[in-house]
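These notes concern the structure reproduced below.
Computed from a predicted structure; not experimentally measured. To find a chain, count down the sequence lines: A is the first, B the second, and so on, and within it residues start at 1.
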Amino acid sequence: MTGLAFELLKTDGAARRGCLHTAHGLVNTPAFMPVGTAGTVKGMLPEQVKATGAEILLGNTYHLMLRPSAERVAQLGGLHKFMNWPGPILTDSGGFQVMSLTGLRTLDADGVTFRSHVDGSKHRLTPERSMQIQHLLDSNITMAFDECTPFPATHEQAASSMRLSMRWAERCKAAFTERSGYGLFGIVQGGVYEDLRAESVEALNGIGFDGYAVGGLAVGEGQEEMFRVLDVTTPLMLKDRPRYLMGVGRPSDIIGSVRRGVDMFDCVMPTRSGRTGQAFVRRGQINIRNARHAHDERPLDQECHCPTCTHYSRGYLHHLFKAGEMLGPMLLTGHNVWFYQDLMASLRSAIEEGRFEDVATAWEAGLAQGDIPATDDPLKTTAPVEV
RNA sequence: UCCGGCGUGGCGCAGCGGUAGCGCAGCGGACUGUUAAUCCGUUGGUCGUAGGUUCGAAUCCUACCGCCGGAG
């Protein structure tokens, strides 16, 4: 439990500014972890990811165990060396797939049996095996193997799901190999029910983890409900442990969650949306495929200093997407990850300076404003007036 | 010049007697611990032109126009 040191440097309201010390380097919090599921942040070189300011990545037990296998990654030097990311790595436990692979899995008290989406072969994941895999991957932050309670769920369903996760959490703790600079996070479940969330936090405290994750949110309950759950959950947590809200989220989700005392995030949004033409900018979101960007000479975001915004116009990016060129998704992904890191850096310094509310509110106002339309297309022909 | 084939939304095609569909493109949406460079929705045509047959034609007949192939 002392494998990972977390320093709480400053607080501003419930917002926290901290620093996590891992065997592979420091992580300044609040932090956003780009998702590198299969040993790569899709569409980006590790050097580019690092240049965005990201200090820690998320990797995935489920995907790597199926391909190329945890043992193979270990044989090739561990995940850091394998993917050329020398910095800290957190790995998901495979628990989320327990939910998302509905139809391909069978859950029992001991663990989960499921079929590979790659070749249909049968596999089994238990708390012990998940710990072993994450150890083989050489993950700095191992996540407990849990069941992500679906939404909606009745109180009864959420309770039994959460209690199963808590029993598994205990087994994870027992199976985890403690090392300096490495840690294990427990995952709070309980759906949208305050009493269950409290019971879960208490259970995790009893077991003893290096950090808390909040799971089972952003699964369809809506932002307001998610914030409500955070409001009643984070205050119950020990102050000296990092808090990680799993799978979240949009920029406004992150701002609101930092406001409620969350320290770490991960989400596919910047990478997946980048691949599909959606760019996150200070005034909200834009879909670069929309015709209105075809003649736009401006960058995605006038205030962004990322390589994409420094060198390429919206018109060019629009062209790349329309032409199906792979550079389009690459440049947009790069921008989005950079944007997320800019947001996090801004929130961190705001907390340090004791101006979190001002800065957070300014971001929120900007995001709600919406994009400024381009000037008229100079190539647009004027329709004849007379008939 | 003759013979044959074809002319259906921007492009490529289906429909071959009961008042037109599909793919792509175009336009727009989604995406929250990645089974996803993915998925969803949607605007366009009256069927080369002119006649004729028929209760009714994109579908049958005639002529013309255009394109393609073959023959000469």
Side-chain angles (χ1 to χ4, degrees), chain A residues 32-44 57-67 90-105 114-120 123 130 134 139 141-151 165 185-189 212-223 225-226 244-254 256-257 262 264-280 285-294 318 320-333 336 340:
Chain A
F32 179 83
M33 304 182 278
V35 175
T37 304
T40 165
V41 176
K42 297 182 195 297
M44 291 182 79
L57 299 187
L58 178 143
N60 197 282
T61 291
Y62 170 81
H63 298 266
L64 293 170
M65 75 183 277
L66 294 181
R67 192 169 49 189
L90 174 150
T91 46
D92 187 21
S93 64
F96 185 68
Q97 278 67 38
V98 172
M99 178 189 84
S100 63
L101 290 175
T102 305
L104 289 177
R105 51 90 173 175
F114 60 92
R115 288 193 174 280
S116 161
H117 71 279
V118 178
D119 60 7
H123 296 263
S130 180
Q134 295 183 73
S139 172
I141 300 178
T142 291
M143 297 306 300
F145 185 67
D146 68 335
E147 185 199 23
C148 181
T149 307
F151 178 86
S165 287
F185 280 23
I187 304 174
V188 182
Q189 291 290 348
Y212 302 92
V214 180
L217 289 182
V219 289
E221 76 283 0
Q223 190 186 68
E225 186 74 342
M226 177 175 85
Y244 161 34
L245 179 54
M246 307 186 80
V248 173
R250 298 192 184 85
S252 69
D253 296 327
I254 291 175
S257 301
V262 175
M264 301 167 67
F265 303 87
D266 85 279
C267 189
V268 301
M269 198 67 75
T271 43
R272 181 186 288 166
S273 286
R275 261 175 284 134
T276 59
Q278 207 77 205
F280 292 91
Q285 275 178 252
I286 65 177
N287 185 341
I288 199 61
R289 292 178 319 187
N290 288 171
R292 66 193 181 88
H293 298 116
H318 172 83
L320 291 176
F321 269 88
K322 301 308 273 189
E325 288 292 338
M326 66 171 82
L327 186 56
M330 288 167 66
L331 289 175
L332 227 60
T333 299
N336 282 345
Y340 267 63

- Query: Hey, is the side chain of A:D146 pairing donor to acceptor with the base of B:G33 inside 3.5 Å?
  - Reply: yes
- Given side chains that start at C-beta, do those of A:Q189 and A:E147 come closer than 4.5 Å, heavy atoms only? no
- Provide, to the nearest angstrom, the distance between the CZ atom belonging to A:R105 and the P atom belonging to B:U35. 14 Å
- Looking at A:F96 and A:C148, what are the two nearest heavy atoms and their distance? CD1-SG, 4.1 Å
- Query: How many Å lie between CD1 on A:I288 and P on B:G28, as a whole number?
  - Reply: 12 Å
- Ranking A:G36 and A:N290 by the position along RNA chain B of their nearest nucleotide, the one closer to 5' is A:N290
- Query: Just wondering, do A:L90 and A:D266 contact through their side chains at under 4.5 Å, heavy atoms?
  - Reply: no
- Message: Expressed as a whole number of angstroms, how long is the span from A:H123:NE2 to B:U35:C1'?
- Response: 13 Å
- Item | Inter-nucleotide P distance (B:A36, B:C40), Å rounded | 16 Å
- Item | Selected nucleotide, minimal atom distance to A:N60 side chain, candidates B:C31, B:U34, B:G33 | B:U34
- Task: For residues A:L245 and A:S257, report the shortest heavy-atom separation together with the two atoms involved.
- Result: CD2-OG, 3.3 Å
- Nucleotide-resolved protein contact map, nucleotides 36-41 of chain B, B/S/- at heavy-atom distance under 4.0 Å: BBB---
- Message: Between B:G69 and B:C55, how many Å separate the two C1' atoms, rounded to a whole number?
- Response: 41 Å
- Note on the structure: note: A:L90, atom CG; B:G33, atom C1'; distance rounded to Å ~ 9 Å
- Message: For a quick check of understanding: with a heavy-atom distance under 4.0 Å over all strands, which category does A:D253 fall into, base, sugar-phosphate or nothing?
- Response: base
- Grab the two heavy atoms, one from A:V248 and one from A:F32, that are nearest each other, plus how far apart they are. O-CE1, 4.2 Å
- Looking at every strand, decide which applies to A:L58 at a 4.0 Å heavy-atom threshold: base, sugar-phosphate, or nothing. sugar-phosphate
- If you draw a 6.0 Å radius around CZ in A:R292, do more than 12 non-hydrogen atoms from other residues or ligands fall strictly inside? yes
- What does A:T271 touch in the nucleic acid at a heavy-atom separation under 4.0 angstrom: a base, only the sugar-phosphate, or nothing? base
- Separation of B:G26 C1' from A:R292 CZ (nearest whole Å): 17 Å
- Message: In whole Å, measure the gap between the C1' atoms of B:U35 and B:G10 for me.
- Response: 36 Å
- Query: So do A:F280 and A:M269 actually touch side chain to side chain, heavy atoms under 4.5 Å?
  - Reply: yes
- Message: Please report the distance, rounded to the nearest Å, between CG in A:N287 and P in B:C31.
- Response: 12 Å
- Task: Please measure how far the P atom in B:A71 lies from the corresponding atom in B:C27, and state the result in whole Å.
- Result: 46 Å
- B:G45 glycosidic torsion: syn (within 90° of 0) vs anti: anti
- Each stem that RNA chain B is part of, given as range with range (3 or more consecutive Watson-Crick or G-U pairs, under 3.5 Å): B:1-7 with B:65-71, B:10-13 with B:21-24, B:26-30 with B:38-42, B:48-52 with B:60-64
- Note on the structure: Side-chain contact check for A:A291: nearest option of B:G33, B:C31, B:G28 is B:G28
Name each donor-acceptor pair under 3.5 Å that joins a side chain in residues 212-222 of chain A to protein atoms two or more places apart or in another chain, with its distance.
residue : atom : partner : partner atom : Å
A:Y212  : OH   : A:N205  : OD1          : 2.4
A:Y212  : OH   : A:L238  : N            : 2.9
A:E221  : OE1  : A:A218  : N            : 3.2
A:E221  : OE1  : A:V219  : N            : 2.9
A:E221  : OE2  : A:A218  : N            : 2.6

- Round to a whole Å and report the spacing from NZ of A:K322 to C1' of B:C24. 13 Å
- Message: Go through it in stages, so that I can follow the logic: the residues are A:H117 and A:Y62, the test is side chain to side chain donor-acceptor pair (under 3.5 Å), and I'd like the CA-CA distance, side-chain angles, deciding distance and then a yes or no.
- Response: CA-CA 10 Å; A:H117 71 279; A:Y62 170 81; 2.9 Å; yes
- Query: Would a distance-only check, ignoring hydrogens and angles, find a side-chain to backbone donor-acceptor pair under 3.5 Å from A:N336 to A:P270?
  - Reply: yes
- Same-atom distance (C1') from B:C11 to B:G29, integer angstrom: 25 Å
- Task: Of all the heavy-atom pairs spanning A:Q97 and A:N60, show the shortest one and how long it is.
- Result: NE2-ND2, 3.9 Å
- Message: Roughly how many Å apart are B:G51 and B:U59, using the P atom of each and rounding to a whole number?
- Response: 14 Å
- Interatomic distance at P, B:G23 relative to B:A58, whole Å: 24 Å
- Query: When you compare B:C6 with B:A37, how far apart are their P atoms, in angstrom units rounded to a whole number?
  - Reply: 43 Å
- Message: If I take atom CG in residue A:L64 and atom C1' in nucleotide B:U34, what distance separates them, rounded to the nearest angstrom?
- Response: 12 Å
- Query: If only side-chain N and O atoms of A:Q97 are considered, is one of them under 4.0 Å from the OP1 or OP2 phosphate oxygen of B:U34?
  - Reply: yes
